[in-house]
Protein chains: 2
Amino acid sequence: MRNYYGAENKVLVAVDCIIFGFDQQEEELKLLLVKRDIPPELGKWSLMGGFMLHDETLDDAAIRVLYDLTGLRNIYMEQLRVFSKVDRDPVARTLSVAYFALINIEDHDKDLIQSYGAKWFSINRKPNLIFDHNLMVEGAIRRLRRRAASNPIGFELLPEKFTMRQLQKLYEAIYSEELDKRNFNKKINSLDVLEKLDEKDKTSSRKGSFLYRFNQEKYLRKMDDGFVFKMK
Amino acid sequence: MRNYYGAENKVLVAVDCIIFGFDQQEEELKLLLVKRDIPPELGKWSLMGGFMLHDETLDDAAIRVLYDLTGLRNIYMEQLRVFSKVDRDPVARTLSVAYFALINIEDHDKDLIQSYGAKWFSINRKPNLIFDHNLMVEGAIRRLRRRAASNPIGFELLPEKFTMRQLQKLYEAIYSEELDKRNFNKKINSLDVLEKLDEKDKTSSRKGSFLYRFNQEKYLRKMDDGFVFKMK
DNA sequence: TCAAAAGTGTTCACCGTACACCCATGG
DNA sequence: CCATGGGTGTACGGTGAACACTTTTGA
């Protein structure tokens with residue numbers, strides 16, 4: 001059992017956010033990183049983080065940290081796990097709880113992130129990060145892959161309206177593998193959670209491609225009926 | 001970024017262990033619970049827990065807590081997630097990191113757990129637990145189901161040698177659904193990670209049923225070759 | 001008229017599922 | 001000899017994977 005509530009084992013608890021965005025030009029998954037502005041490791045690349053305050057939950061803290069950097073609220077976030085190596089932070093005993101967030105890369109406040117010296121990096125060309133942040137990123141990518149296979153979270157990374165091809169490129173980036181567009185369309189259509197719009201996106205071809213929108217209500221109704229979303 | 005390393009936001013961090021065992025007589029998944037011996041909620045049922053000390057990781061703390069209760073080491077454990085509601089513990093701001101553990105129910109130190117007032121409960125007939133421990137248990141059961149579907153962790157809950165029927169009953173208990181023995185055998189055999197022994201277990205029938213043993217090396221070799229364990 | 005991307009169907013192999021009878025043994 | 005659980009095979013439907021040609025349109 002708990003021995004007693006003594007103060008000597010209290011520790012600092014931080015949250016660190018792995019922020020994913022999808023770059024449609026380069027068709028790559030990207031990661032928002034900041035240049036650390038305090039010692040130790042000043043000037044090195046790092047995840048955006050902050051300490052949990054005494055009157056907030058970890059989720060609150062993660063939402064606050066994400067908001068401070070991007071100006072975005074109501075974002076898909078998920079707790080990854082706690083990192084607790086005794087010497088993970090050389091200054092003080094600090095636990096860190098990693099959260100990963102999926103944002104539409106077009107939506108965030110560009111001036112705000114610049115004021116933090118933040119930058120987007122392809123997950124394939126990210127710099128080395130401080131402390132155990134590399135581990136956190138690896139874990140987040142694995143989690144994202146698992147989640148994207150069984151939850152319609154991919155849509156969080158796209159604008160509201162998107163083409164089949166954009167969606168396909170996104171899944172290709174998440175899994176680092178090419179997909180067959182016929183099979184992909186068939187799969188997506190069989191899930192029956194998108195609405196096909198009358199509009200076309202003409203920026204990518206002369207013919208233009210139809211836009212789709214994720215229909216949350218349809219999805220939730222199907223879930224209630226025992227539907228299982230399976231992309232992979 | 002982190003503002004600064006101030007002491008005012010330090011908190012206590014506990015670990016709570018969801019300890020699963022498989023009761024072969026009753027063919028049920030069970031949970032080891034303790035009667036809380038300090039206020040608040042003295043005398044109520046609770047998960048076994050303890051505070052993380054300043055010189056140990058969370059994994060260390062979870063291993064220590066499990067060892068103190070059961071006398072077992074080298075047990076499969078996995079971090080579930082952190083619970084951080086501000087008022088989850090009425091005495092002090094405390095985070096708790098839930099861990100789940102799988103043990104062979106025959107192996108633990110019965111006197112030791114009795115000295116803690118601990119008892120095994122079927123997951124279907126567990127008492128109401130203190131704080132947010134009910135949530136932790138629900139999360140652990142979901143995680144166990146997912147894990148058992150894609151990792152050969154079921155074996156942690158059985159003795160070294162077991163029959164196909166025992167293994168099947170275990171999976172039935174984990175998923176709360178009945179399985180067809182022909183399909184189950186076929187599935188298990190196709191995975192090719194068990195060794196069939198020459199011995200038979202004669203306690204359950206006159207004919208007796210063959211004993212099997214999980215072959216870790218075989219499993220790891222297959223993993224290296226890109227094998228994917230899929231029970232469901 | 002041509003270049004560039006969009007859109008669309010079929011075939012086949014494999015896997016999960018449903019289902020029923022004989023076998024070995026101890027009492 | 002018989003009751004009890006152990007062990008085994010087949011048929012079917014559904015899903016994932018491979019694969020190529022036609023359509024639209026702006027320049």
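Residue numbers begin at 1 in each chain, while the letters A, B, ... track the order of the sequences.
- Counting atom types as modelled, B:K187 pairs no side-chain N or O with a base atom of C:dG16 as donor and acceptor under 3.5 Å.
- What separates CD of A:Q168 from C1' of D:dA17 is a distance of 14 Å, to the nearest Å.
- A:F214 pairs with exactly one of A:F162, A:F229, A:F155 by the ring-ring contact (aromatic ring centres under 6.0 Å, His included) rule, that one being A:F155.
- Judged by a 6.0 Å distance limit and a 45° cone about the ring axis, B:K200 is positioned over the six-membered ring of B:F210.
- B:Y67 carries B:R73 over the face of its six-membered ring, with the cationic atom under 6.0 Å from the centre and within 45° of the normal.
- Regarding A:N185, its CG atom lies at a distance of 16 Å from the C1' atom of D:dA18, rounded to whole Å.
- If you measure from atom CZ of B:F184 to atom C1' of C:dA18, you get 17 Å, rounded to the nearest angstrom.
- The nearest whole Å value for the distance from the CG atom in B:D180 to the C1' atom in D:dG6 is 14 Å.
- Counting to the nearest Å, the P atom of D:dT8 and the NZ atom of B:K181 are 10 Å from each other.
- Minimum interatomic distance between A:P127 and A:F121 (heavy atoms only, all atoms of both residues): CD-CD2, 3.4 Å.
- The residue among A:Y212 and A:K186 whose nearest nucleotide of DNA chain C is located toward the 5' end is A:Y212.
- Judged by closest nucleotide on DNA chain C, A:R182 is the one of B:K230 and A:R182 placed further toward the 5' end.
- D:dG6 atom C1' lies 16 Å from atom CG of B:N183, rounded to whole Å.
- The closest donor-acceptor contact from the side chain of A:Y219 to the backbone of A:L194 lies at 3.5 Å or more, if one exists at all.
- Note: CG (A:N189) to P (C:dG9) measures 11 Å, nearest angstrom.
- Checking B:R165 against A:K232, the closest nucleotide of DNA chain D that is more toward the 5' end is the one next to B:R165.
- Per the geometry, CE belonging to B:M231 stands 15 Å off P belonging to C:dC15, to the nearest Å.
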(request) Sugar-phosphate means primed atoms, P, OP1 and OP2; the rest is base. With that split, encode nucleotides 22-27 of chain C 5' to 3' as B, S or - using protein heavy atoms under 4.0 Å. (result) -BBBBS

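- Salt bridge status for A:D132 with A:K85: absent, with no side-chain N to carboxylate O gap under 4.0 Å.
- Of all the heavy atoms in A:K161 and A:L211, the pair that sits closest is C-CD2, 4.0 Å.
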